[in-house]
Student: 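Sharing a structure below in structure tokens format, with a few things to ask.
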Amino acid sequence: MAKDIKLNIKNAQIAEALKKFSKKPAAVKKTTRTKKEKEVEIDEEPKKRKARIAPAKKPPIEEAEKPKAKVRVKKEEVETPKAEEIKEQTTAKEKKPKIAEKTEEIKEETQPTKIEKKEFLEEEEEEVETPKKIEIEQPIKPKEIEKPKALIKEDEEITSKKAFKTPKDFKAAKKPETFKSFDSQARQGLRSFDEERWRKKRVAKHKKKAQEIPVIRPSHLKVRIPISIKDLASYMKLKASELIQKLFMQGVVVTINDYLEDETTIQLLGHEFNCQIDIDVAEEKRLQITEMSIKEEIHDSDEKNLSSRPPIITFMGHVDHGKTSLIDAIRSSNIAAAEAGQITQHIGAFNVKTKFGAITILDTPGHEAFSEMRSRGANVTDIVILVVAGDEGIKDQTLEAISKAKEANVPIVVAINKCDKVGFDAEKIYRQLADHDLLPEPWGGTTICVKCSAQTKEGIDTLLEMISLQSEIIELKANKNTRARGSILESQMHKGLGAVATVLILNGTLKANDSIVFSDKWGRVKTIHDQYNNLISEAGPSIPVKITGLSDLAEAGSEFIVVANEKEAKELAEARREKMKTQALQKAKIFSLESLGKKEKKIFHVMIRADVQGSLEALKQSLLKIKSTKVDLNIVSAEVGEISESDIRLAYASKAVILGFHTKIESHAEPIIKQLKVIIKQHDIIYHVIDEVRELMRSILDKVPEEHDTGAAKVIALFKASQLGLIAGCIVTDGTIKRNSLIRIIRNGEVVKKTKVNSLKRVKEDVKEVKSGVECGILLADYTDVQKDDIIQAYDITYLEQEL
């Protein structure tokens with residue numbers, strides 16, 4: 001007990017502790033007593049001693065201050081009958097030195113205040129009395145002790161004064177528990193009301209308000225087009241929604257990721273927000289390398305550096321009118337024999353030396369599929385030779401060739417071929433040319449017309465002379481001492497050399513190790529080959545050559561230009577590629593409400609492999625021109641080269657048909673074709689490919705069923721058989737009813753059920769068919785709800801193939 005008091009010796013807490021111990025006496029160690037002491041206790045039992053009356057329960061402050069009065073009472077009661085008891089207590093104190101020592105220590109520590117001394121006196125009395133209470137167990141009736149008036153006044157003064165409080169007394173009491181609503185957290189068992197404790201509210205520190213930095217919007221900007229709404233808004237220090245709102249008010253519906261490429265729209269948008277926007281064309285100029293075209297570059301060159309160059313002649317016209325045959329007659333070669341079906345399907349370029357000077361000849365295919373090739377030939381040519389068969393006249397592709405030549409603004413020389421053939425009519429050709437604004441010279445016009453024959457070589461020299469005369473009038477010149485510029489006519493993938501391109505140099509001189517840029521690709525020229533496959537070191541204007549060392553297959557028709565070094569070529573190609581990606585993202589997906597109501601079409605997947613880029617391009621365009629309301633053509637892949645193992649696996653995964661045009665299958669890919677059962681169609685003539693694809697597209701369409709009535713019978717009676725079921729007794733009213741034929745059950749003019757005849761009986765025998773006017777018994781398959789007067793109609797189904 002003394003140990004606990006020592007721990008809590010601070011002022012008013014001592015009084016509280018003593019009061020606590022007076023209510024619940026602490027267990028005191030039992031001390032060994034002598035027989036004399038026990039006898040004295042027994043003798044004193046009957047004696048009535050005056051006990052202290054415990055004060056009524058009062059607030060803690062009053063209880064802490066009360067012991068002062070108690071002590072005074074003790075001091076005054078010296079002559080009371082308790083003298084003997086006090087002696088006994090003193091003897092007990094001597095026998096309990098430990099308790100006495102502790103109390104003395106407490107007295108020494110608490111000497112400064114009078115209240116503490118009195119409290120310890122009271123404590124000593126309790127310590128002596130507690131053992132007696134435990135041992136005797138007899139209730140002692142306390143007698144009321146009257147306090148003197150002086151002591152009562154002192155007590156009142158002490159209670160009136162504010163007692164000294166420790167910091168612990170100032171601790172805030174717990175808040176009363178308030179019932180919280182039974183919310184979703186409590187419903188899920190995430191809140192425990194028992195564990196919740198009151199915590200002292202933290203005083204929120206006043207955070208310093210962030211200073212609002214005013215947004216300074218630029219008044220002048222320089223941007224590159226195309227630019228997205230998001231990027232333009234960030235440059236203008238605005239929200240993208242503000243720009244979208246302005247455009248929407250003007251009737252332009254865009255999203256945050258859409259691109260703006262109209263210079264006027266961008267500048268007007270900037271004007272709305274008081275910002276002047278200029279278009280930065282520096283990057284565009286860098287990607288173009290030069291703003292001037294080849295003709296402008298030649299025109300601006302110094303006259304001293306210019307020299308005459310061979311004319312570039314392009315033979316154009318309808319298929320099978322003798323274009324390649326005329327070239328063979330000029331070159332003394334046999335190109336037509338090398339072509340499949342003797343039909344030109346590739347663009348060819350040759351340099352020929354004649355007695356009238358050197359000329360460069362381009363041969364274009366005449367088939368309708370190769371219109372892109374013809375346009376490329378017309379764009380790079382100086383003179384167009386329009387070949388017309390004298391016995392057939394002007395055809396569709398002849399008219400297309402005339403329009404291409406007029407678009408390119410090049411002179412036209414008409415070669416009326418097959419003058420040795422029966423049915424040749426030059427006047428008919430003149431009349432047709434005049435109808436298309438090409439008035440021939442014999443009729444007083446300016447269009448040169450030459451009658452010739454590729455077989456007999458009649459009129460060939462006249463044709464070459466007219467070409468030479470026309471080229472002198474045009475005055476064809478070029479600068480050999482500048483960087484090379486030209487056009488890519490064709491490209492293909494070579495097994496040993498990689499990507500190979502046939503190029504036509506229009507200005508400058510192309511040398512080995514030159515770095516070139518074409519479209520979004522680049523290359524460093526490793527080798528240069530002429531038309532006879534001889535290795536040469538350089539090539540001048542109007543010379544067609546084959547070059548190697550390209551990063552990828554070149555797009556036919558793209559223009560190439562030589563740059564300073566390989567590093568610059570790479571950078572330009574990558575920048576152009578990024579620009580092309582941006583342009584591809586600009587293409588909006590076409591969506592209409594009408595497309596929602598349309599039926600789903602079947603899709604025919606196809607993969608194309610061709611020998612050269614030009615043929616691949618022509619084949620793609622021809623296949624996409626196949627129009628159908630029932631089937632859509634999807635080109636999964638279109639590449640140049642042989643059909644490889646990876647192509648077969650891709651075709652199997654996408655369920656596509658592989659079309660090979662002038663190409664072969666890799667040797668190790670044959671077993672995979674048999675294993676995966678991939679369909680491969682190989683052709684050498686382009687219109688055979690188109691016809692094949694049409695047929696394949698038609699074959700995937702579902703066949704249309706068509707029903708034809710064969711007979712009818714009326715139910716006149718019904719019979720039940722235990723083993724067979726319900727048998728309809730009928731009379732055949734029209735046609736013939738056959739066993740296993742399909743039937744319709746008609747009741748009150750409506751078709752109730754479609755099924756088939758399971759069994760057909762005549763009397764008791766099974767029969768194959770029953771003709772009109774004969775009675776029979778019909779057992780239907782999976783149907784027993786036949787009623788009297790039902791009509792049974794028999795019919796056959798034939799399946800018809802659909803058209804595209």
Student: Donor-acceptor check, side chain of T354 to backbone of F356, threshold 3.5 angstrom: yes or no?
Tutor: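 Pair found, side chain donor or acceptor close to backbone of F356.
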Student: From the options H321, K418, K421, select the one residue that forms a side chain to side chain donor-acceptor pair (under 3.5 Å) with E392.
Tutor: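 Of all the options given, the one that passes is H321.
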Student: Ignoring hydrogens and geometry, is there a side-chain-to-backbone donor-acceptor pair from S558 to E555 under 3.5 Å?
Tutor: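 Indeed, once roles are kept as given, a pair shorter than 3.5 Å links the two residues.
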Student: Checking R698 against E801 for the side-chain contact (heavy atoms from CB on, under 4.5 Å) test, could you report, in this order, the C-alpha distance in whole Å, the side-chain angles of both residues, the deciding distance, and whether it holds?
Tutor: CA-CA 8 Å; R698 195 169 63 84; E801 290 184 351; 2.7 Å; yes
Student: Please determine whether side chain to side chain donor-acceptor pair (under 3.5 Å) holds for the pair N479 and T482, giving the CA-CA distance in whole Å, both sets of side-chain angles, and the decisive distance to 0.1 Å.
Tutor: CA-CA 6 Å; N479 184 4; T482 187; 4.7 Å; no
Student: Please examine the side chains of V606 and L633, heavy atoms only from C-beta on, and report whether any two atoms are closer than 4.5 Å.
Tutor: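 Heavy-atom side-chain distance check passes, below 4.5 Å.
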Student: Do I359 and I312 touch side chain to side chain, with heavy atoms closer than 4.5 Å?
Tutor: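 The answer is no, as the side chains (C-beta and beyond) never meet within the 4.5 Å cut-off.
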Student: Please check if atom OH in Y652 has more than 12 non-hydrogen atoms from other residues, nucleotides or ligands closer than 6.0 Å.
Tutor: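 Incorrect, the count does not exceed 12.
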Student: Any donor-acceptor pair under 3.5 Å linking the side-chain atoms of K630 with those of Q802?
Tutor: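 On atom types as modelled, these side chains qualify, holding a pair under 3.5 Å.
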Student: Under a 4.5 Å cut-off applied to non-hydrogen side-chain atoms, are I547 and I516 in contact?
Tutor: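 Heavy-atom side-chain distance check passes, below 4.5 Å.
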Student: Under 3.5 Å, is there a donor on one side chain and an acceptor on the other for T360 and N351?
Tutor: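 Result is yes, a qualifying pair exists.
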Student: Evaluate D611 against V640 for side-chain contact (heavy atoms from CB on, under 4.5 Å), listing each step before the verdict.
Tutor: CA-CA 6 Å; D611 57 340; V640 173; 5.9 Å; no
Student: Taking NZ, NE, NH1 and NH2 as the nitrogens, is one of them in R483 or D514 under 4.0 Å from a carboxylate oxygen of the other?
Tutor: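 No.
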Student: Output yes when a side-chain donor or acceptor of H662 lies under 3.5 Å from a complementary backbone atom of D684, and no otherwise.
Tutor: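 Indeed, once roles are kept as given, a pair shorter than 3.5 Å links the two residues.
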Student: Compare all side-chain heavy atoms of M607 with those of D647 and state whether any distance is below 4.5 angstrom.
Tutor: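 Side-chain contact under 4.5 Å: yes.
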Student: Does S468 reach the main-chain N or O of E465 with its side chain, forming a donor-acceptor pair under 3.5 Å?
Tutor: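 No; zero donor-acceptor contacts below 3.5 Å.
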Student: Hydrogens and angles aside, do E297 and N507 bring a side-chain donor and acceptor to less than 3.5 Å of each other?
Tutor: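 Result is yes, a qualifying pair exists.
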Student: Rounded to the nearest 0.5 Å, how far apart are CZ of F560 and OG of S487?
Tutor: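 OG of S487 is found 8.0 Å from CZ of F560.
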Student: Would a distance-only check, ignoring hydrogens and angles, find a side-chain to backbone donor-acceptor pair under 3.5 Å from S491 to V500?
Tutor: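 Checking the backbone N and O of V500 against the side chain of S491, no donor-acceptor pair under 3.5 Å is found.
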Student: Inspect the contact between E692 and K681 and indicate whether a charged nitrogen and a carboxylate oxygen are less than 4.0 angstrom apart.
Tutor: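 Judged by the 4.0 Å cut-off on N to carboxylate O distance, K681 and E692 do form a salt bridge.
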Student: Under a 3.5 Å distance rule, please check whether T663 uses its side chain to pair with a backbone N or O of A610 as donor and acceptor.
Tutor: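 No; judged by distance alone, with no hydrogens or angles, the pair does not exist.
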Student: More than 12 foreign heavy atoms under 6.0 Å from NE2 of H299: is that the case here?
Tutor: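 Check fails, neighbour count at 12 or below.
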Student: Would a 4.5 Å heavy-atom cut-off, applied to side chains only, mark H436 and L399 as touching?
Tutor: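 With C-beta onward as the side chain, the pair touches.
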Student: Go through the steps to decide whether C452 and E458 satisfy the test side-chain contact (heavy atoms from CB on, under 4.5 Å), and finish with yes or no.
Tutor: CA-CA 5 Å; C452 58; E458 182 184 343; 5.9 Å; no
Student: Mark yes when over 12 heavy atoms from residues, nucleotides or ligands other than K546 sit less than 6.0 Å from its NZ; otherwise mark no.
Tutor: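 No, the 6.0 Å shell around NZ holds no more than 12 heavy atoms from other groups.
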Student: Could you give the distance from CG (L438) to CD1 (I412), rounded to the nearest 0.5 Å?
Tutor: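 Spacing of CG (L438) from CD1 (I412) equals 5.0 Å.
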Student: Can you find a pair of side-chain heavy atoms, one from V678 and one from I658, that are under 4.5 Å apart?
Tutor: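 Side chain of V678 against side chain of I658, heavy atoms only: contact under 4.5 Å found.
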Student: Roughly how far, to the nearest 0.5 Å, is the OG atom of S301 from the CD atom of E296?
Tutor: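 OG of S301 is found 11.5 Å from CD of E296.
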Student: Given salt bridge (Lys or Arg N to Asp or Glu O under 4.0 Å), test R309 with D382 step by step and report yes or no.
Tutor: CA-CA 11 Å; R309 63 173 177 83; D382 298 318; 2.9 Å; yes
Student: Less than 4.5 Å apart, side chain to side chain, heavy atoms only: is that true for T527 and V525?
Tutor: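 No. Closest side-chain heavy atoms not under 4.5 Å.
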Student: What's the verdict on salt bridge (Lys or Arg N to Asp or Glu O under 4.0 Å) for D520 and K579, showing C-alpha distance, side-chain angles and the deciding distance?
Tutor: CA-CA 9 Å; D520 61 333; K579 185 183 176 183; over 6 Å; no
Student: Measuring from atom OG of S622 to atom CZ of F661, what distance do you get when rounded to the nearest 0.5 angstrom?
Tutor: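 CZ of F661 is found 9.0 Å from OG of S622.
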Student: Give, for atom CG of L362 and atom CZ of F350, the distance between the pair rounded to the nearest 0.5 Å.
Tutor: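 One finds 9.0 Å between CG of L362 and CZ of F350.
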Student: Working to the nearest 0.5 Å, report the span between CD1 of I298 and CD1 of I294.
Tutor: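 Rounded to the nearest 0.5 Å, the CD1-CD1 separation comes to 7.0 Å.
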Student: Apply side-chain contact (heavy atoms from CB on, under 4.5 Å) to the pair M493 and E642, showing each step before the final yes or no.
Tutor: CA-CA 9 Å; M493 191 63 74; E642 292 184 344; over 6 Å; no
Student: Is there a donor-acceptor contact under 3.5 Å linking the side chains of R609 and S637?
Tutor: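 There is such a pair (donor and acceptor under 3.5 Å, judged by atom type) between the side chains of R609 and S637.
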Student: Going by atom types alone, do S325 and D328 pair a side-chain donor with an acceptor below 3.5 Å?
Tutor: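 Result is no, nothing qualifies.
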Student: Would you say CD of E670 has more than 12 non-hydrogen atoms from neighbouring residues, nucleotides or ligands within 6.0 angstrom?
Tutor: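 Above 12, so yes.
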Student: Keeping to residues at least two apart or across chains, list the side chain to side chain donor-acceptor pair (under 3.5 Å) pairs with something in residues 424-433.
Tutor: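 Non-adjacent pairs meeting side chain to side chain donor-acceptor pair (under 3.5 Å): E427-W443.
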Student: More than 12 heavy atoms of other residues, nucleotides or ligands under 6.0 Å from CG of L439: is that the case?
Tutor: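 Yes, the 6.0 Å shell around CG holds more than 12 heavy atoms from other groups.
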Student: Is the side chain of K404 donor-acceptor paired with the backbone N or O of M316 at a distance under 3.5 Å, no angle test?
Tutor: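 Checking the backbone N and O of M316 against the side chain of K404, no donor-acceptor pair under 3.5 Å is found.
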Student: Could you tell me whether the side chain of R694 reaches within less than 4.5 Å of the side chain of I626, counting heavy atoms only?
Tutor: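 Yes - at least one pair of side-chain heavy atoms lies under 4.5 Å apart.
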Student: Check this for me, if you would: do E617 and K620 make a salt bridge, where the nitrogen-to-carboxylate-oxygen distance has to be below 4.0 angstrom?
Tutor: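 No, no charged N to carboxylate O under 4.0 Å.
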Student: Taking atom CG of N409 as the centre, report whether more than 12 heavy atoms of other residues, nucleotides or ligands fall under 6.0 Å from it.
Tutor: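 No, CG of N409 has 12 or fewer neighbouring heavy atoms, counting only those of other groups under 6.0 Å.
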Student: Are there over 12 heavy-atom neighbours, none belonging to K480, within less than 6.0 Å of that residue's NZ?
Tutor: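 No, not enclosed.
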Student: Would you tell me whether T314 and T381 have side-chain atoms, one donor and one acceptor, within less than 3.5 Å of each other?
Tutor: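 T381 and T314 do have a side-chain donor-acceptor pair below 3.5 Å.
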